[in-house]
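Everything on this sheet refers to the single structure shown next.
All figures in this text were calculated on a predicted structure; none of them were measured in a lab.
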Amino acid sequence: MTQSTPPPSTPLFRTHLIETLINVLMALVVIQIAVITFWFTLAEDSNGDAGRDAQLFALQSLGKRTVGSLRTGYDQTGAYNHWLELNTLARVAAQRGDEAAAERLRAARDRVAKLSPVLQPPYMGDAVVEPDLAKYAAENFVQPATALTERFENQYRQKVQWSDKASAYTVQLTLLAVALFMFGVAASSKRFVRVMFFGIGLALALVVLVWMLWVYFQPVSALPDEAIDAYARGEGALYQGEAVAAIKQYDQALQLAPTYTSAYRDRGYAKYVTGDYTGAASDLENARANGDASSDTQSSLGYLYYLLGQFDKAHALNRQAAQQAPNEFWVRANYALGLLAAGKIGEAQNEYDAALSQMAQLVAAVRAQAKEPPAALWYDFDGAVSDLDTLQQCAATQACDGAPPFASLQNAPAIAITATTLATKLKEHAVALEYTSKPPAGTVTATVEPFAFTRVLSDDDAEVQDTETFAATDEPIYVITTFSGLQDGQQLVIKVYVDGSEDDRLRVADTYSVEEMGGADGDIFLPITTGGVPLTPGAYRIEMYVNSKLVQRGEFSVVAENE
């Protein structure tokens with residue numbers, strides 16, 4: 001019998017060749033492991049360095065803000081008030097002819113001035129009796145604290161990126177260990193099993209090779225220090241109300257770092273202040289494109305599109321922002337405001353009602369924990385009312401400064417009526433929630449006559465000499481009115497607004513007592529005064545609430561003495 005000869009094996013998988021190939025690949029994988037281990041060590045070291053630097057900047061920023069805020073508070077309420085008191089006493093002594101006392105008081109005043117830099121140039125000169133506190137605060141803690149905060153965030157971003165690289169290298173090392181195991185199994189297995197394990201090991205090694213190179217060459221992005229410093233200078237300028245100067249600094253920051261999200265966002269706000277709504281919207285779009293997905297930015301952008309009359313864009317952004325932040329009243333009010341301007345009256349009313357209901361639940365829940373709602377909530381109410389007042393004026397008179405173009409409004413007469421009604425509803429809810437934690441309820445039968453304003457109270461038999469314009473002196477201005485139907489236990493709140501913003505120092509809140517206050521009918525002579533300090537020039541609005549219901553309002557103006 002003739003012995004058959006076995007067929008020749010495939011050259012590639014002859015025993016000595018495959019073993020040689022496996023050995024070579026295992027050596028290459030070991031080299032891969034060594035390289036990845038080296039890169040992993042570098043990434044871990046960089047991650048640790050960035051983390052330590054981030055912590056350092058965070059502590060420095062917190063310290064700068066805390067110390068700066070306390071120092072500014074002292075300089076304003078301590079040193080400056082003491083200086084002002086001595087300066088006033090010296091002036092009074094000089095007017096009395098007691099020059100010796102005046103000189104002693106001036107000497108004491110000058111010694112106080114040396115205690116605080118805010119009382120010295122460049123923040124206060126010889127001919128100036130009020131320091132530039134905004135400039136002082138901006139230069140001494142707002143700007144440096146902002147720079148430190150930005151450096152913290154910059155280092156933290158680098159830490160996250162290095163950490164991601166290190167994590168990727170850890171997974172790659174694990175996969176290469178599996179590949180080595182596969183090659184080891186393949187070296188000692190029969191033909192079919194050898195091919196399978198060899199293929200798996202080779203595939204893992206190749207995948208890791210591509211992945212490790214991709215991770216290594218991914219840049220770790222960081223903002224240059226020069227860009228951060230320019231941004232901080234912009235924040236300082238914006239803090240002082242110098243929007244144009246701030247924009248120039250933000251421009252410089254973005255030239256150095258074209259993806260600087262915070263610079264885009266805050267330059268957008270600065271452009272909004274200057275009235276460049278289109279430029280502001282473009283900057284906020286860039287902020288979103290560079291990673292800012294916050295509800296604040298989305299709602300602010302929606303508000304800008306509202307001002308530009310692009311209501312569809314405003315609705316989409318504000319709806320999404322309201323879903324993200326249902327407890328932020330200003331966000332939900334922005335959404336409702338855009339709906340109203342677009343003529344969607346019913347939807348706007350429903351959204352305002354839903355927002356007010358949500359705020360009532362929020363206030364009740366916070367008060368149930370013996371805490372107070374954030375002060376920003378009441379400012380949000382005032383801002384929402386101001387927006388409605390501006391929209392009402394635009395719809396009724398076509399004076400649309402701070403509102404969408406008149407041509408973009410849908411059904412302007414209905415918008416004007418609804419805006420007035422909604423503004424009153426928001427005002428009454430703000431008072432009710434602040435004082436009772438509940439929405440306003442019921443009706444008020446009390447009536448209050450229109451306000452009259454006077455600086456000199458006449459004799460009982462003479463007619464009050466009222467006016468609507470007053471000089472900015474330290475004498476009080478009296479609000480005079482006649483009321484009827486007030487009842488025991490009813491809450492009275494009188495708010496004073498100056499140029500659209502409430503001056504909390506002038507608010508009056510009390511519970512009415514028929515016995516103590518002279519009956520259910522009578523007259524009110526309410527002095528508006530800041531305790532000897534002249535009233536700030538501006539447009540004043542007085543609002544009176546009874547059990548959270550707005551019953552009367554009036555307006556007067558205060559002008560500088562030289563006007």
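No side-chain heavy atom of R157 sits under 4.5 Å from any side-chain heavy atom of V220. For the pair K438/L433, no side-chain contact is recorded, criterion being any heavy-atom separation below 4.5 Å from C-beta on. Considering only heavy atoms from C-beta on, N318 stays 4.5 Å or farther from V331 through its side chain. Counting heavy atoms from C-beta on, the side chains of Y272 and L307 come closer than 4.5 Å. Residues L308 and P404 form no side-chain contact, since every pair of their non-hydrogen atoms from C-beta on lies 4.5 Å or further apart. Under the 4.5 Å side-chain criterion, counting only non-hydrogen atoms from C-beta, T424 is not in contact with V385. Counting heavy atoms from C-beta on, the side chains of F198 and L21 come closer than 4.5 Å. Inter-residue side-chain proximity for Y136 and P117 is flagged as met; some heavy-atom pair is nearer than 4.5 Å.
Remark: side-chain polar atoms of S300 are paired, donor with acceptor, to backbone N or O of D296 under 3.5 angstrom. Between the S282 side chain and the T278 main chain, no donor and acceptor come within less than 3.5 Å of each other. Between the side chain of K135 and the backbone N or O of A237 there is no donor-acceptor pair closer than 3.5 Å. With hydrogens and angles ignored, the 3.5 Å screen pairs a side-chain donor or acceptor of Y264 with a backbone N or O of P258. A distance-only check finds a donor-acceptor pair linking the side chain of T174 to the backbone of T170 [under 3.5 Å]. The backbone N or O of S221 lies less than 3.5 Å from a partner atom in the side chain of Q161, making a donor-acceptor pair. Under a 3.5 Å cut-off, the side chain of S61 and the backbone N or O of A58 do not form any donor-acceptor pair. Formation of a donor-acceptor pair under 3.5 Å by the Q410 side chain with backbone atoms of S408 is found in this model.
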- Message: Could you walk me through whether D283 and D266 satisfy the side chain to side chain contact (heavy atoms under 4.5 Å, CB included) test, starting with their C-alpha distance in whole Å, then the side-chain angles of each, then the deciding distance to 0.1 Å, before giving a yes or no?
- Response: CA-CA 8 Å; D283 277 344; D266 292 344; over 6 Å; no
- Go through the steps to decide whether Y269 and L238 satisfy the test side chain to side chain contact (heavy atoms under 4.5 Å, CB included), and finish with yes or no. CA-CA 9 Å; Y269 176 73; L238 197 59; 3.6 Å; yes
- Message: Does R332 form a salt bridge (Lys or Arg N to Asp or Glu O under 4.0 Å) with E328? I'd like the steps, not just the answer.
- Response: CA-CA 7 Å; R332 302 192 66 170; E328 291 287 347; over 6 Å; no
- Message: Go through it in stages, so that I can follow the logic: the residues are Y306 and L391, the test is side chain to side chain contact (heavy atoms under 4.5 Å, CB included), and I'd like the CA-CA distance, side-chain angles, deciding distance and then a yes or no.
- Response: CA-CA 11 Å; Y306 154 80; L391 179 60; 3.8 Å; yes
- Query: Does the pair R151 and D53 meet the rule for a salt bridge (Lys or Arg N to Asp or Glu O under 4.0 Å), with working shown?
  - Reply: CA-CA 9 Å; R151 283 184 167 83; D53 289 344; over 6 Å; no
- Take R52 and L56 through the side chain to side chain contact (heavy atoms under 4.5 Å, CB included) test and state the conclusion after the steps. CA-CA 6 Å; R52 285 189 294 273; L56 178 62; over 6 Å; no
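Distance check, rounded to the nearest 0.5 Å: OH of Y303 to CG of L284 gives 13.0 Å. Going from atom CG of D387 over to atom CG of D382 covers 11.0 Å, rounded to the nearest 0.5 Å. Annotation: the span from Y305 atom OH to F311 atom CZ amounts to 14.0 Å, rounded to 0.5 Å. Note: I200 CD1 to L202 CG = 11.0 Å, rounded to the nearest 0.5 Å. Taken to the nearest 0.5 Å, the CD atom of E351 stands 11.5 Å off from the CG atom of L337. Annotation: the span from E235 atom CD to Q249 atom CD amounts to 11.0 Å, rounded to 0.5 Å.
Between W378 and F381, the ring-plane angle classifies as parallel under the 30° and 60° cut-offs. Ring orientation note: the planes of Y231 and Y260 are tilted relative to one another, at an angle of 30° to 60°.
Electrostatic pairing of K248 and D251 does not count as a salt bridge here, judged by no charged N lying under 4.0 Å from a carboxylate O. Ion pairing between a basic and an acidic side chain is recognised when a charged N comes within 4.0 Å of a carboxylate O; K425 and D353 show such pairing.
Residues Q158 and S46 bring no donor and acceptor atom of their side chains to less than 3.5 Å of each other. In summary, the side chains of E502 and Y379 do not present any donor paired with an acceptor at a separation below 3.5 Å, with no hydrogens or angles considered. Side-chain contact annotation: S299 with N334, donor-acceptor N/O pair under 3.5 Å present. Side-chain contact check for T149 and T146: no donor-acceptor pair (N or O, by modelled atom type) lies under 3.5 Å. For the residue pair Q324/Q298, the side-chain donor-acceptor check at 3.5 Å is satisfied. A donor-acceptor contact closer than 3.5 angstrom links the side chains of D292 and S294.
The two residues F183 and I22 come nearest to each other via the heavy atoms O-CG2, 3.5 Å. In this structure, A179 and A205 approach most closely via the heavy-atom pair CB-N, 4.4 Å. Considering every non-hydrogen atom in both G279 and D276, the closest pair reads N-OD1, 2.9 Å. Counting all heavy atoms, side chain and backbone alike, A263 lies closest to A253 at CB-CB, 4.4 Å. Considering every non-hydrogen atom in both A342 and H315, the closest pair reads CB-NE2, 3.6 Å. Closest of all the heavy-atom pairs between L175 and L204 is O-CD1, 4.1 Å.
Within 6.0 Å of atom CG in D401, 12 or fewer heavy atoms from other residues, nucleotides or ligands are found, so the atom counts as exposed in its surroundings. Annotation: Y435, atom OH; neighbour count of heavy atoms from other residues, nucleotides and ligands within 6.0 Å is above 12. For K165, the NZ atom counts as densely surrounded, since its 6.0 Å shell holds more than 12 non-hydrogen atoms of other residues, nucleotides or ligands.
Exactly one residue among D164, N154, N47 makes a side-chain hydrogen bond (donor to acceptor under 3.5 Å, both in side chains) with K159. That residue is N47.
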